[in-house]
K.L.:
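Can you keep this structure in mind? I'll have questions shortly.
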Amino acid sequence: MRSSMLVVMVVLGCAFALTVRADEATGRRGIVATVHPLATEAALAAFSAGGNAIDAAAAAGATLGVVDGFNSGLGGGCFILIHTAAGESLVLDGRETAPAAATAGLFVRDGKADTGASQTGPLAVGVPGALAAYAEAVRRFGRLPLSAALAPGARIAGDGFVIDAGYARKIAAKADDLRRFPASSELFFTSDGSPLAVGDRLVQPDLAASYARIAADGPDWFYRGPFAQAVGEWMAAHGGILTAADFAAYRVVERAPLATPYRRWTVLGSPPPSSGGVHVAQILRMLEGHDLAAAGGTAVREHLLAESMKLAFADRAHWLGDPAFAPVPRGLVDPAYCRALAARIDPDRAAPVTGPGVPPGADAEFFSAGRHTTHFSAADAEGNWVACTATINTHFGSKVIVPGTGIILNNEMDDFSVQPGVPNAFGLVGGAANAVAPGKRPLSSMSPTIVLEDGRPILALGGAGGPTIISQTVQNIVRILDLGQTPGEALVGARIHHQWRPDRLVVEPGISADVRAMLTARGHVLQDDAVIGVSQIVARRPDGTFVGASDPRVDGKAAGW
Ligand code: GLY
């Protein structure tokens, strides 16, 4: 399709019949789905070279940093959820971290939040964690060296690749901010100052050289060597607070996945500092009391979803933050608490949600210590599964490329609550639990998810698009597990999203007029958005073969091996 299917969705605004599906790929030995064909091909090359799903995922992640660099890259962070062939499940938390000099008032000027500073420029940058996480994943669970994961990206960065309409649109949209930083300006604009356009070739020699140095010298080149040094010096000269010592102090944190029973399945997700796992689990638990396949049609199902999302996001705004700094109650996913939340849902009316709930053990039992962003999933016949969501936050992150490095630095500091009640770039509000503090990780919505049936993975999925990641992931799970759809069918279906504040139910054009009318009659205030996020799904079918699909909202690619 894929752009053409999207055009049909947007222009006709029609509901899709269930038989319409995104292109699906199948494989016997392995499967991968990413937002870019070149990243998917890099993953296939890793399989061909004898690598497993972890090597394939790392190759995809490193290549996305070159071909999809406005969304993710080595200057950003990620959460990698892994289920190994040996049956071990874990999360590698490569989330960015606030510099040691960060303070709660970092983005407050004269009593007012300065979201310009939290979103663009030197202060917006947290210590990147993606490289450390990819390196740890392949070292512990892969078969190939890190250099193999970096090689396709290094080659493509050096040779260049042709940018598509989506890439060109993003450069144009962020042109003013990109122009503020000479290395970004040099990369994304022609000699006459116009932004690169669709069909132009983006050549990134500095990025190719950085990838080559990391391949040769290892992640120390980045965290303890010339890269950290160059960033620290640039920051000091341009009003930033990030130092080479912050890079040296960076650590990947291994976390136990949040495992939530949902009907006859177990849903594995990332615990805080991502809110994704907690709220995907919470929403599924609220929905569990309903037969969603027979819940009175699409409008009733969408209403239940929207009301559950609203309650979950109200909890998110109050309770969620880095568990090393804020007490995040485990009771948020307690079955009885989720049932009590579900009991507040009126099947006929959109109910006001004035604030968070109070989960059991709220003062006693805690979690231990794109349309932006990108998700990719991979699996192999040996039984290794990976769901990874990676990001530099909003498009082109902080817009900063330190000259000579080619690496776009994130603006993940904006995922902190810069001031209570002040919305971030995604319109999310937060409280003290997610305030800025030195060495703290900003709250995320990234939701890499693996679903187990009888203890064995059958599904790896996740999405991109800030808070909509949580809603997309829940809807894809419901469509596949409750409605029996294939990954390609689940991805084509129109989506909804509610994040409590603002009190709006966002809907894609494919939500039909009938369903809109029924939702409006229940009291929902609808707001249209052409696209709610981008998801990638791989699955194992009952016959043991794999099927994968890439979201038709972008020109990605799933491929089997
Ligand atoms: N930067 C978006 C997120 O982590 O949710």
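Excluded from the calculations below are hydrogen atoms, water molecules and symmetry mates; all remaining heavy atoms, backbone and side chain alike, are included. Since this is a predicted model, take the numbers as computed values, not measurements. When a ligand or atom number is given, it counts from 1 through the structure's own listing order.
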K.L.:
Looking at R169 and D164, is any side-chain nitrogen of the basic one under 4.0 Å from a carboxylate oxygen of the acidic one?
P.N.:
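No, this pair does not count.
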K.L.:
Partners of E96 by salt bridge (charged side-chain N to carboxylate O under 4.0 Å, His left out), sequence neighbours excluded?
P.N.:
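Not a single residue meets the salt bridge (charged side-chain N to carboxylate O under 4.0 Å, His left out) criterion with E96.
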K.L.:
Listed by chain and number, what are the salt bridge (charged side-chain N to carboxylate O under 4.0 Å, His left out) partners of R180, not counting sequence neighbours?
P.N.:
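D177.
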K.L.:
With hydrogens left out, which residues have an atom under 4.0 Å from ligand 1, given that only heavy atoms count?
P.N.:
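These residues qualify: R95, N393, E412, D415, F426, S444, S445, M446.
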K.L.:
Could you work out, with salt bridge (charged side-chain N to carboxylate O under 4.0 Å, His left out) as the rule, every residue matching D93, not counting sequence neighbours?
P.N.:
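Testing D93 for salt bridge (charged side-chain N to carboxylate O under 4.0 Å, His left out), a comparison that skips the adjacent residues, returns R255, R441.
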K.L.:
So that I can tick it off, tell me whether D315 and K310 are bridged by a salt bridge, with the cut-off set at under 4.0 angstrom between side-chain N and carboxylate O.
P.N.:
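Looking at D315 together with K310, the answer is no, because their closest N to O distance does not fall below 4.0 Å.
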K.L.:
Could you check whether F188 and F396 have their ring centres less than 6.0 Å apart?
P.N.:
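Ring centres of F188 and F396 closer than 6.0 Å.
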